[in-house]
Amino acid sequence: MIDYRQKLSELQRTGSLRRLPDIAHGGIYIECDGRRMLNFSSNDYLGLASRTDLRNEFLERIKGSDIPLSSSSSRLLTGNFKEYARFEELLSRTFGREAALVFNSGYHANTGILPALVDKQTLIIADKLVHASIIDGILLGKAEYKRFRHNDYGQLEKIVSEESSRFEQLIIVTESVFSMDGDIADLQRLVSLKKTYKNILLYVDEAHAVGVRGASGLGLAEELGCIQDIDLLVGTFGKALASMGAYLLCSRVIKEYLVNTMRPLIFSTALPPLQIAWTQFLFERLPEFTAEREHLSAISRLLRVALNGQGGEISDSHIIPYIVGENQPCVEEALRLQREGFYCLPVRPPTVPKGTARIRFSLNAAISEKDMVALIQALNYGSNEIY
Ligand SMILES: *Cc1c(COP(=O)(O)O)cnc(C)c1O
């Protein structure tokens, strides 16, 4: 028998025990251990999840409708309500792509798409820092895989030139805005690399970019003008879009193939049509949130400048690392900031490389410039105290 109690004590001893936090939400504030703090760890990047006006408008709109609260089935059986087809049609039209497919979550998308599309003649080449769900998707599939150093396209090009003739198909996988460092992929360079070969598919996960980047919020691919050139463009609805689920933009053939082969799509009950309706309600408004995107960009710049040389220079987005170094001082700094009213969390190895324990700030558009300045003052005050 495995002694799970023993395993837990081991986790406790090494400071890696995780707990479900006891928290309460109030707009941009979070309450934890009886303390009310500004939330600097949220994925609600546009601040839409706490907007009562949007919520009320949506509830008003569905009042009296018979929209189901459950799909009661996989879409392949009896769960394919008209809300899905309508929303997928809107997605493909908005992105200007042949087809769109909606999934229950980003985790479903990333663990399902790759295993369905690969075979033993496929090589997956993934950035070293891609999300755990992508790693799981790679491990579930039958393809060989290689990782390239984070955003090191020189190394990627070398792997591609060595391997492209050995495999029938290569799939290059990256995120657009990276979740830990907040830096971004050079999508244009990846697109031009892909175009130099005949057998490369490009897979991009925009989980942290959709809603936030691009003139109408369609993501970094929109901002960099390459939506058409990314074979498999994935994004999620659980972060900036304040809902749940994920999407893939792809060709009609790939969509049809996934409907036939993708296990998390086939063997899991589809999201409730009500949830799809809420997602669509917000997605339709995405182009209107320009002020939110601009404000988020402005406060992000403030924090990046304030943390220049301490991690701020790494980021190119609203996710900003403050690299403290060793684990214990990092945890203490996070606790100090929490005591000052700023809810931010330490990220330690193995999530990030050893010796780069950091506080990860994840900003949202509901944070005012005044609050941002207060955080920066608290950060400066702390470093004066230490040095
Ligand atoms: C959050 C995240 C996911 C998972 O999406 P969910 O909808 O939360 O399951 C996938 N990829 C990346 C890069 C993410 O940050």
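Just follow the structure's listing: the first ligand is 1, and inside any ligand the first atom is 1.
For ligand 1, the atoms lying closer than 4.0 Å to a non-hydrogen atom of G106 are 4 (C), 5 (O), 6 (P), 7 (O), 9 (O). Atom numbering of ligand 1 starts at 1 in the shown order; those under 4.0 Å from a heavy atom of S133 are 10 (C), 11 (N). Against a heavy-atom cut-off of under 4.0 Å, E175 is close to the following atoms of ligand 1: 13 (C). Those atoms of ligand 1 that come under 4.0 Å of a heavy atom in Y107, given as number and element, are 4 (C), 5 (O), 6 (P), 9 (O). Taking every non-hydrogen atom of H208 and a distance limit under 4.0 Å, the qualifying atoms of ligand 1 come out as 14 (C), 15 (O). Those atoms of ligand 1 that come under 4.0 Å of a heavy atom in K239, given as number and element, are 1 (C), 2 (C), 3 (C), 14 (C), 15 (O). Each of the following atoms of ligand 1 lies closer than 4.0 Å to a heavy atom of N110: 10 (C), 11 (N).
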**OP:** Quick one: do M262 and I113 satisfy side chain to side chain contact (heavy atoms under 4.5 Å, CB included)? Show the steps, please.
**Re:** CA-CA 6 Å; M262 182 174 155; I113 296 168; 3.9 Å; yes
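Judged by distance alone, with hydrogens and angles left aside, the side-chain atoms of T356 form no donor-acceptor pair with the main-chain N or O of V352 at under 3.5 Å. Formation of a donor-acceptor pair under 3.5 Å by the S42 side chain with backbone atoms of N39 is not found in this model.
Note on ligand 1: S105 sits in its first shell, one or more heavy atoms being nearer than 4.0 Å. Taking 4.0 Å as the cut-off, A246 does not count as a neighbour of ligand 1 on heavy-atom distance.
Considering Q12, K7, R13 as possible partners of E10, the one that fulfils the side chain to side chain donor-acceptor pair (under 3.5 Å) test is R13.
S317 and V177 get closest at one heavy-atom pair: OG-CG1, 3.7 Å. In terms of heavy atoms, L46 sits closest to A365 at O-CB, 3.8 Å. Here the closest heavy-atom approach between residue K195 and residue D229 is recorded as NZ-OD1, 3.2 Å.
There is no protein heavy atom less than 4.0 angstrom from atom 8 (O) of ligand 1.
The nearest heavy-atom contact from the protein to atom 11 (N) of ligand 1 is D205 OD2, 2.7 Å.
Between the side chains of Q275 and S243, a donor-acceptor pair is found at a separation under 3.5 Å.
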